[in-house]
Amino acid sequence: MTAVIRPGSVLGVLGSGQLGRMFAIAARRMGYRVHTFSPDKETPTGQVADREVYAPYEDLDALAKFAQNVDVVTFEFENVPSAASECVARIVPVRPGGQVLHITQNRLREKTFLRSQGVPTAPFETVRNLDELEAAIARIGTPAVLKTAGFGYDGKGQAVIRQPSDAAAAWQAIGAVEAVLEGFIDFAGEVSVVAARGLAGDFAHYGVVENIHRNHILDVSIADAALPPQLTAEAVEIARTLLEALDVVGVLCVEFFVTRDQRLLVNELAPRPHNSGHFTFDACITSQFEQQVRAVCGLPLGATDLLRPAAMANLLGDIWSEGEPNWAAACSDPDVKLHLYGKAEPRPGRKMGHLTAFGQTRDQAKAKVVAARDALLKRS
Ligand code: AMP
């Protein structure tokens, strides 16, 4: 029997963005208290947490104090320094564990791990200097994508190489740091699997989600992607293999490319709830956030059934460029749910919230969510 962290206990979250906010909402609904730790004040998570601690992730004294006041620690942001999670782990359990952070916060380690598990990825090579980049381009060919090994997300730290003569400019563009060169995949589509694993090794998943990106940022997700059944089964099996191999206790998202000849290639792992699983908050019996609470507390995982066809659209700060969005117009469809993250400054490209819409079919749910988002821009 694994020890259950009972309701009333305090859950610590490293990071303070929207993922922590939705985790905190799920946790508080179940009677837990939540403390968040990040370098910022008045944060999306802090606004709904019981306590918001702000200090740099390098401040190990502050982290130790934070850890002493909580019963378990999880994270909503994987780029915390490993010294921070190690410091916390000396005091309370960290779930998922530091080994998951270590692998997933560095693209080279992640891809090497994927390869070691026999999981298909885009062709890739390690690049530490311009000579290695030129040699890698000669092997992989163009077009290719150069990505920093560490601390990249939403297309940050990436440069597309269209021809070999782009090498020097791309190397400078990513800051001349350790990187991975990937073959450019002319994909038919992008999908993801959000899955959870409990302390006792139980596994749950939300099926395959179709994702549409715009400017490298997730734009729209549609639950229950229209993939051939064997590809759906393969995607879920890859997720299961990875959660088990990494010994994840918590939630992990696997992002895939679907090639034009119907193969799956893993692009990225995120060891926490993921933007492509936000629809689960409204549309599934147990959301990805509640699943994270259950897993880190040693509770059994909940059912993941999709209640109705659903789709999600992100709301970026760009929507505010002409003034306050027309919330009433977006909500005029009663099948649309509004989520805002409490961020004060709507900068372009910043994730400010999302909409979830329900339909009779997945196509109708997608059409409704896009129409509701378009309606935000209608001036009355
Ligand atoms: P990432 O930060 O690696 O998740 O990349 C963000 C998005 O950029 C992906 O979801 C794709 O839409 C695009 N992208 C990244 N890597 C590649 C690649 N090797 N080939 C084609 N598109 C890519």
Side-chain angles (χ1 to χ4, degrees), residues 17 19 77-79 101 103-115 119-127 133 136-137 139-164 166-167 170-171 173-175 177-194 208-222 225 227 235 238-239 242 251-278 312-314 316 348-351 354:
L19 302 174
F77 170 73
E78 64 269 36
N79 287 329
L101 275 185
I103 290 178
T104 56
Q105 67 186 199
N106 179 287
R107 287 186 197 274
L108 275 171
R109 284 199 289 268
E110 184 172 286
K111 285 183 188 295
T112 307
F113 164 74
L114 291 168
R115 192 180 264 172
V119 170
T121 63
F124 71 93
E125 299 254 351
T126 306
V127 169
L133 175 58
I137 292 172
R139 283 192 290 270
I140 286 183
T142 53
V145 191
L146 185 63
K147 301 179 177 180
T148 55
F151 298 97
Y153 66 96
D154 285 349
K156 294 190 171 69
Q158 297 192 15
V160 176
I161 295 177
R162 297 191 193 284
Q163 60 233 1
D166 293 344
W171 179 242
I174 65 150
V177 290
E178 188 181 45
V180 50
L181 183 75
E182 264 178 42
F184 187 87
I185 306 300
D186 178 26
F187 51 75
E190 292 185 86
V191 299
S192 58
V193 174
V194 175
V208 181
V209 181
E210 177 185 343
N211 299 319
I212 301 162
H213 290 81
R214 195 193 284 178
N215 300 326
H216 296 276
I217 302 175
L218 185 64
D219 186 41
V220 171
S221 288
I222 308 131
L227 282 190
I238 288 174
L242 295 175
V251 172
L252 181 133
C253 174
V254 187
E255 291 185 77
F256 301 87
F257 299 126
V258 184
T259 64
R260 294 192 182 277
D261 58 354
Q262 300 281 287
R263 285 178 302 120
L264 289 170
L265 302 176
V266 172
N267 174 33
E268 243 191 344
L269 307 180
R272 46 159 173 80
H274 188 258
N275 198 168
S276 64
H278 285 4
M312 185 264 354
N314 269 335
L316 301 185
R350 189 175 196 207
K351 290 175 180 170
H354 68 268

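First listed ligand is number 1; within each ligand, the first listed atom is number 1.
Contacts of Glu190 classified as salt bridge (Lys or Arg N to Asp or Glu O under 4.0 Å), with partners at least two apart in sequence or in another chain: none. Residues meeting the side-chain contact (heavy atoms from CB on, under 4.5 Å) test with Asp186, sequence neighbours left out: Arg260.
Residues Glu178 and Thr148 are not in side-chain contact: their nearest non-hydrogen atoms beyond the backbone lie 4.5 Å or more apart. Counting only heavy atoms from C-beta outward, the side chains of Thr259 and Leu265 approach each other to under 4.5 Å. Contact check for Val209 versus Glu255: no side-chain heavy atoms found under the 4.5 Å cut-off. Side chains of Leu19 and Phe77 form no contact here, defined as non-hydrogen atoms less than 4.5 Å apart.
Taking every heavy atom of Gln158 and a limit of under 4.0 angstrom, the matching atoms of ligand 1 come to 1 (P), 2 (O), 3 (O), 5 (O). Residue Phe187 approaches ligand 1 through these ligand atoms, each under 4.0 Å from one of its heavy atoms: 12 (O), 21 (C), 22 (N). When each atom of ligand 1 is checked for a heavy atom of His216 under 4.0 Å away, the hits are 6 (C), 7 (C), 8 (O), 13 (C). Near Lys147, meaning under 4.0 Å from one of its heavy atoms, ligand 1 places the atoms 3 (O), 15 (C), 16 (N). Against a heavy-atom cut-off of under 4.0 Å, Arg107 is close to the following atoms of ligand 1: 2 (O), 3 (O). Interface atoms of ligand 1 facing Glu190, defined by a heavy-atom separation under 4.0 Å, are 9 (C), 10 (O), 11 (C), 12 (O). Using a 4.0 Å cut-off to heavy atoms of His213, the atoms of ligand 1 that qualify are 10 (O).
In terms of polar-atom proximity, defined here as any N/O pair under 3.5 Å, Glu268 does make such a contact with ligand 1. Geometrically, ligand 1 and Ala122 share no nitrogen or oxygen pair separated by less than 3.5 Å.
In this structure, Arg107 is not positioned above the aromatic face of Phe124 in the sense of NZ or CZ being under 6.0 Å from the six-membered ring centre and within 45° of the axis.
Residue Arg162 places its CZ atom among 12 or fewer non-hydrogen atoms of other residues, nucleotides or ligands, all under 6.0 Å distant.
Counting heavy atoms closer than 4.0 Å to ligand 1, residue Asn211 contributes nothing at all.
Residue-ligand proximity: Gly183 is placed with a non-hydrogen atom under 4.0 Å from ligand 1.
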